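Here the structure is laid out as structure tokens; the discussion comes afterwards.
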Amino acid sequence: MRDAIRGGRLAPGTRLPATRDLATDLQVSRGVAVEAYEQLVAEGFLVSKVGVGTQVTPVPPARAAPRQRAAAQERPTPVRPTSDTPAGSPYYGHRPTSPDLSHFPRERWLAAVRHVLATVPSDALDYGDPGGVPELREELAGYLRRVRAADARPENLIIVGGVAQGLSLVLHVLSQRRAVRLAVEDPTSHRQVPLLRRAGAHLVPVPVDEEGLDVRRLSGDAVLVTPAHQFPTGVVLSPSRRAALMEWVHVGGRVILEDDYDAEFRFDRDPVGCLQGLAPDRVILSGSVSKALAPGLRLGWVAAPPDLAEDVRRARGELDLGSPVIEQYALAHFLRTGGYDKHLRRMRREYRRRRDALVRALACELPEVSVKGIDAGLHVYLELPDGWDEPRTARVARELGLSAEPVGPMRQSPGKPAVVVGFARLPGHKAAEAVKGLKVRMSGHAMD
């Protein structure tokens, strides 16, 4: 159905059959049809209204360019901060969004590196394409199509040193064409703001509510959005906001910079497809393995429209000639052999257990704390009760072994006091003890 909508065989506004009729025609259970419709509604391909039924989104997605779809598309799926972390550093060290690095698949990664060193020709270690190793771009394109519903092609992918560098390069290229007024989510990561400004963007904060970015209040000619799991609030961009954002981007040459943040770790259902798959000519997708594997690998990617992809590739070559090739070949091998998928499945189960343990402990010990943003990602968003202030709560939480940050520095507009608490490095059996300690310490402070 995605292919039919992208290719124009299902035109905008086309009404689709009821799930019961579709299931009967295809001889599958109705649950399969319902789940498929729900997924496509969540991704913005379909809209569903009571009394009207389900239909193709009125705004047409950009048609995919003709290409060979065969083999690559159908390939089978094979706690505390360290003592040397600079105090108060906005960039270095453990964060609430950091994965559990003790679970990094060392043996499988070592096997991938050994395979690379034993098989790649010597010339592969020379200066190469600044856009990245062709083998990795091929594997990533297939992975992004299969898992993220992206309209990705190897020639439009650029391998970068993480999402931060990818965004910097894209904004650098855009700012060479014209001044960039970039709408950003509010609240947003305070670490990201100086990076975006240094890249030449003039930032315009746009509020985030329980449905995600408030598209009605958008201004500017570009927007940076994290639809899979917003930081810090943890909200997933709603289907109606996705549809509205698609309408917005099709006016006046606007573009969307999509940070595929936390897309791998959705717990309540399959990950929602990326926006780039809806409008590959207007959406620039950035992602990385920082949450799935390790931030220190500094491996990420940008999927951009053809003309912009070539400019970003050229800018990457002018900046530093490209990413380390051995790691790129190793990631390609890891993807090709199914090691990446296997690791993600394992960590998704583990992180869900840890999230559930933390949420249960908070519900039991601190019911006055409002817990949000738990559908995906590696952190929870806690709105605080009266008498609790953000900096003290975050400090006490860290003293008890929790990874926490106040939300205030991330917010431009007023909002309820809140903190972000990570659970990826919190063993399930430690959650209750830490939350009880927080209750005792903060209750006493509130009474004082």
Side-chain angles (χ1 to χ4, degrees), residues 42-43 94-100 163 184-192 205-215 224-242 245 258-275 287-288 290-292 347-348 350-363 366-385 390 393-394 397 402-413 415-426 431 435 438:
E43 293 174 4
H94 177 47
R95 306 171 184 176
T97 57
S98 294
D100 186 347
V163 170
V184 294
E185 297 163 326
D186 180 23
T188 191
S189 171
H190 61 91
R191 298 180 179 90
Q192 200 172 51
V206 178
V208 170
D209 59 23
E210 65 277 0
E211 292 190 64
L213 183 79
D214 189 347
V215 180
L224 172 60
V225 64
T226 52
H229 192 235
Q230 201 270 339
F231 181 83
T233 66
V235 67
V236 178
L237 192 67
S238 72
S240 62
R241 294 285 174 85
R242 282 174 167 250
L245 194 55
E258 180 178 11
D259 179 354
D260 212 20
Y261 182 76
D262 275 348
E264 301 90 348
F265 299 114
R266 176 107 187 218
F267 304 117
D268 60 334
R269 58 179 294 169
D270 289 338
V272 175
C274 62
L275 294 173
S288 76
S290 293
K291 300 293 186 297
M347 297 313 300
R348 202 174 286 125
E350 180 60 32
Y351 289 146
R352 179 168 185 163
R353 283 193 290 267
R354 297 183 183 194
R355 180 206 65 172
D356 290 349
L358 178 59
V359 171
R360 280 196 303 269
L362 287 165
L366 291 169
E368 64 271 33
V369 172
S370 179
V371 183
K372 298 185 176 181
I374 64 173
D375 290 340
L378 305 180
H379 72 274
V380 294
Y381 184 83
L382 306 183
E383 288 187 347
L384 304 178
E390 291 182 0
T393 302
L402 298 170
S403 177
E405 289 183 352
V407 172
M410 312 177 197
R411 182 188 288 123
Q412 295 291 316
S413 56
K416 295 181 179 179
V419 295
V420 175
V421 176
F423 54 79
R425 298 191 185 189
L426 178 65
V435 173
L438 184 64

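As the structure is a prediction and not an experimental result, all values here were calculated from the model.
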Exercise. What orientation do Y351 and F423 show, parallel under 30°, tilted 30 to 60°, or perpendicular over 60°?
Worked result: perpendicular
Exercise. Looking at CZ of R95 and OG of S403, how far apart are the two atoms once the value is rounded to the nearest 0.5 Å?
Worked result: 10.5 Å
Without placing hydrogens or testing angles, list every side-chain donor-acceptor pair under 3.5 Å for residues 372-380, not counting sequence neighbours.
| from | atom 1 | to | atom 2 | distance (Å) |
| --- | --- | --- | --- | --- |
| K372 | NZ | E383 | OE1 | 3.4 |
| K372 | NZ | E383 | OE2 | 3.2 |
| H379 | NE2 | P232 | O | 3.0 |

For this session: Measure from the side-chain N and O atoms of R411 to the backbone N and O of P187, and report whether any donor-acceptor pair falls under 3.5 Å.
Result: no
Problem set entry | Distance, nearest 0.5 Å, that separates SG of C274 from CD of E43 | 8.0 Å
Exercise. Does R353 have any salt bridge (Lys or Arg N to Asp or Glu O under 4.0 Å) partners at least two apart in sequence or in another chain, and if so, which?
Worked result: E350
Exercise. How about T226 and D259: does a side-chain donor come under 3.5 Å of a side-chain acceptor?
Worked result: no
Problem set entry | Distance (rounded to the nearest 0.5 Å) between L382 CG and L366 CG | 9.0 Å
Exercise. If only atom types and distance count, is the side chain of R241 paired as donor or acceptor with the main-chain N or O of V215 below 3.5 Å?
Worked result: no
For this session: Kindly say whether H229 contributes a backbone atom to a donor-acceptor pair with the side chain of D262 at under 3.5 angstrom?
Result: no
Exercise. Once you round to the nearest 0.5 Å, how far does CG of D209 lie from CG of D186?
Worked result: 11.5 Å
Problem set entry | Stepwise side-chain hydrogen bond (donor to acceptor under 3.5 Å, both in side chains) test for T393 and E390 | CA-CA 5 Å; T393 302; E390 291 182 0; over 6 Å; no
Exercise. Do V420 and F231 pass the side chain to side chain contact (heavy atoms under 4.5 Å, CB included) test, and can you show the C-alpha distance, the side-chain angles, and the key distance before you say yes or no?
Worked result: CA-CA 9 Å; V420 175; F231 181 83; 4.0 Å; yes
Exercise. So, T188 and E185: side-chain donor and acceptor under 3.5 Å apart, yes or no?
Worked result: no
For this session: Check D260 against A228 and note the closest heavy-atom contact, atom names and distance.
Result: OD1-CB, 4.3 Å
Exercise. Going through the distances and angles, do L358 and R354 end up as a side chain to side chain contact (heavy atoms under 4.5 Å, CB included)?
Worked result: CA-CA 6 Å; L358 178 59; R354 297 183 183 194; over 6 Å; no
